[in-house]
Asks: 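Structure in structure tokens, see below.
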Amino acid sequence: MKIKAVRELLGMTQKDVAEKMNTTQQTIARWETGKTKMNVDQIKNLCLVLHCTADILLETDPDPAEWRGNPFAVSDNGTPYGTLRLQVAGEERNYPIDDDAVKSLKCQFGIGRTSKHRKNTTWIQSQTMDNKLLMINPAYLEKVSWISDNVNEMPGYEHPEVYRALETVDLEPGEDGVIDIADLSGEMKRVCEEIVKARTEEEVGRMASHITIVYGDGSSESAVMDEAVGYAISALEMDPPESGRDSFLLTYQEAGYETELVNLRRVALIEIPSSLYFRLTAS
């Protein structure tokens, strides 16, 4: 494991890490030398403390086919850039983005390239640092800008493992009206408890396990991100429809009972929880 290297890069001592992990300095030393193996929860909590991903700590590069059963986040944030600001359907929306997202947006809009090199797509797409894959309908996009964090403070975002943890939280409040996150522990539990207390059930769902559909009139609704919805979005992402019967997106399906689709011509923006999406559609 690369625990020591990451810790020293952050200027943290074993004692610093131990205090945040609610354990002993000797335990941290044994983790660093490999004398004691860490369990999944300990690795996730250490990722939060050291601000890194499990792949870095474990020195692994999992195959996409293994992502479905991977207990860790499948996507990582890159170097922070700043804010993606969208004026869409009469409303301003701000998202934290990294350098790679800016490069992708420049390509899609033909910035710094000749028009013949512009990526030809029906929908503008962008990955954000707050666990969203955005699909934007240009017909409803009034203005777009990306702004460096040196100019404006970028919106907040959580560690990728936090969004992964929130995927598994039962959002149905108990009799006391509180969402139970008893399956989590340590630093992860503390962070998720703060998120759950500060947000509504719907807001928490939209962070990690529900897609959000924003219509051209500014109204919005959410839908559970499951495998059927994931593959419907995947088809849209790979081959954006332009007209006819292909311009509908499946948002709910219960075989033999109910199916729901939305008219993409009326949709201004789709926010997709990227960690869960990539996991469900991995092959």
Asks: Does Asn152 have more than 12 heavy atoms from other residues, nucleotides or ligands lying within 6.0 Å of its CG?
Replies: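 More than 12 within 6.0 Å, yes.
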Asks: Between Lys44 (side chain) and Pro71 (backbone), is there a donor-acceptor pair under 3.5 Å?
Replies: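 Side chain of Lys44 to backbone of Pro71: a pair is present.
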Asks: Between CE of Met188 and CD1 of Ile43, what distance do you get to the nearest 0.5 Å?
Replies: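 One finds 11.5 Å between CE of Met188 and CD1 of Ile43.
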Asks: Is the shortest heavy-atom distance from the side chain of Cys192 to the side chain of Val162 under 4.5 Å?
Replies: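 Counting from C-beta outward, Cys192 and Val162 do come under 4.5 Å.
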Asks: Do Asp98 and Thr79 have a side chain donor and acceptor closer than 3.5 Å?
Replies: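 There is no such pair between these side chains.
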Asks: Are Glu92 and Gln87 side-chain neighbours, meaning at least one heavy-atom pair lies under 4.5 Å?
Replies: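 Heavy-atom side-chain distance check passes, below 4.5 Å.
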Asks: With a 4.5 Å cut-off on side-chain heavy-atom distances among I, L, V, M, F, W and Y, is there a chain of contacts connecting Met21 to Val40?
Replies: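 Yes, Met21 connects to Val40 through the hydrophobic network.
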Asks: Tell me whether Leu86 shares a hydrophobic cluster with Ile147, the cluster being built from Ile, Leu, Val, Met, Phe, Trp, Tyr side chains joined at under 4.5 Å.
Replies: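 No: no chain of side-chain contacts under 4.5 Å links Leu86 to Ile147.
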Asks: Looking at OG1 of Thr33 and CD1 of Ile28, how far apart are the two atoms once the value is rounded to the nearest 0.5 Å?
Replies: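 One gets 11.0 Å once the value is rounded to the nearest 0.5 Å.
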Asks: Please indicate whether Arg93 has more than 12 foreign heavy atoms, meaning atoms of other residues, nucleotides or ligands, lying under 6.0 Å from its CZ.
Replies: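 Yes, the 6.0 Å shell around CZ holds more than 12 heavy atoms from other groups.
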Asks: Rounded to the nearest 0.5 Å, what's the gap from CG on Leu166 to CG on Asn131? Could you check?
Replies: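 Taking CG in Leu166 and CG in Asn131, the distance rounds to 9.0 Å.
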Asks: Between NZ of Lys35 and OG1 of Thr27, what distance do you get to the nearest 0.5 Å?
Replies: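 One gets 12.5 Å once the value is rounded to the nearest 0.5 Å.
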Asks: Between Glu194 and Arg190, is there a salt bridge with N-O shorter than 4.0 Å?
Replies: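 Salt bridge present between Arg190 and Glu194.
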Asks: Between Gln127 and Ser104, does the side chain to side chain donor-acceptor pair (under 3.5 Å) criterion hold? Intermediate values first, please.
Replies: CA-CA 9 Å; Gln127 183 80 31; Ser104 175; over 6 Å; no
Asks: Checking Gln42 side chain against Asn39 main chain: does a donor-acceptor pair fall under 3.5 Å?
Replies: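 The answer is yes, because a donor-acceptor pair under 3.5 Å joins these two groups.
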Asks: Check for a donor-acceptor pair, side chain of Asp130 on one end and backbone N or O of Tyr157 on the other, with a separation under 3.5 Å.
Replies: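 Judged by distance alone, no pair lies under 3.5 Å.
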Asks: Nearest 0.5 Å, what's the CD-NZ distance between Glu8 and Lys2?
Replies: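 Reported value, rounded in 0.5 Å steps: 12.5 Å.
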Asks: Please check if atom CD in Glu153 has more than 12 non-hydrogen atoms from other residues, nucleotides or ligands closer than 6.0 Å.
Replies: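 No, the 6.0 Å shell around CD holds no more than 12 heavy atoms from other groups.
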Asks: Would you check if Met129 and Tyr81 make a side-chain contact, meaning some heavy-atom pair closer than 4.5 Å?
Replies: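 Heavy-atom side-chain distance check fails, nothing below 4.5 Å.
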Asks: State whether the side chain of Glu161 and the backbone N or O of Leu48 hold a donor-acceptor pair below 3.5 Å, judged by distance alone.
Replies: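 Answer holds: no.
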Asks: Just wondering, do Glu203 and Met207 contact through their side chains at under 4.5 Å, heavy atoms?
Replies: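 Side-chain contact under 4.5 Å: no.
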Asks: Run through the side-chain heavy atoms of Ile, Leu, Val, Met, Phe, Trp and Tyr, join any pair under 4.5 Å, and report what else lands in Tyr257's cluster.
Replies: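 None; Tyr257 is a cluster of one.
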Asks: Nearest 0.5 angstrom please: Ser209 OG to Tyr163 OH, how far?
Replies: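 Rounded to the nearest 0.5 Å, the OG-OH separation comes out at 13.0 Å.
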Asks: Is any side-chain heavy atom of Leu84 less than 4.5 Å from a side-chain heavy atom of Leu134?
Replies: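 Sidechains of Leu134 and Leu84: in contact.
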Asks: Are Trp123 and Leu264 packed together at the side-chain level, in the sense that at least one heavy-atom pair is separated by less than 4.5 angstrom?
Replies: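 With C-beta onward as the side chain, the pair touches.
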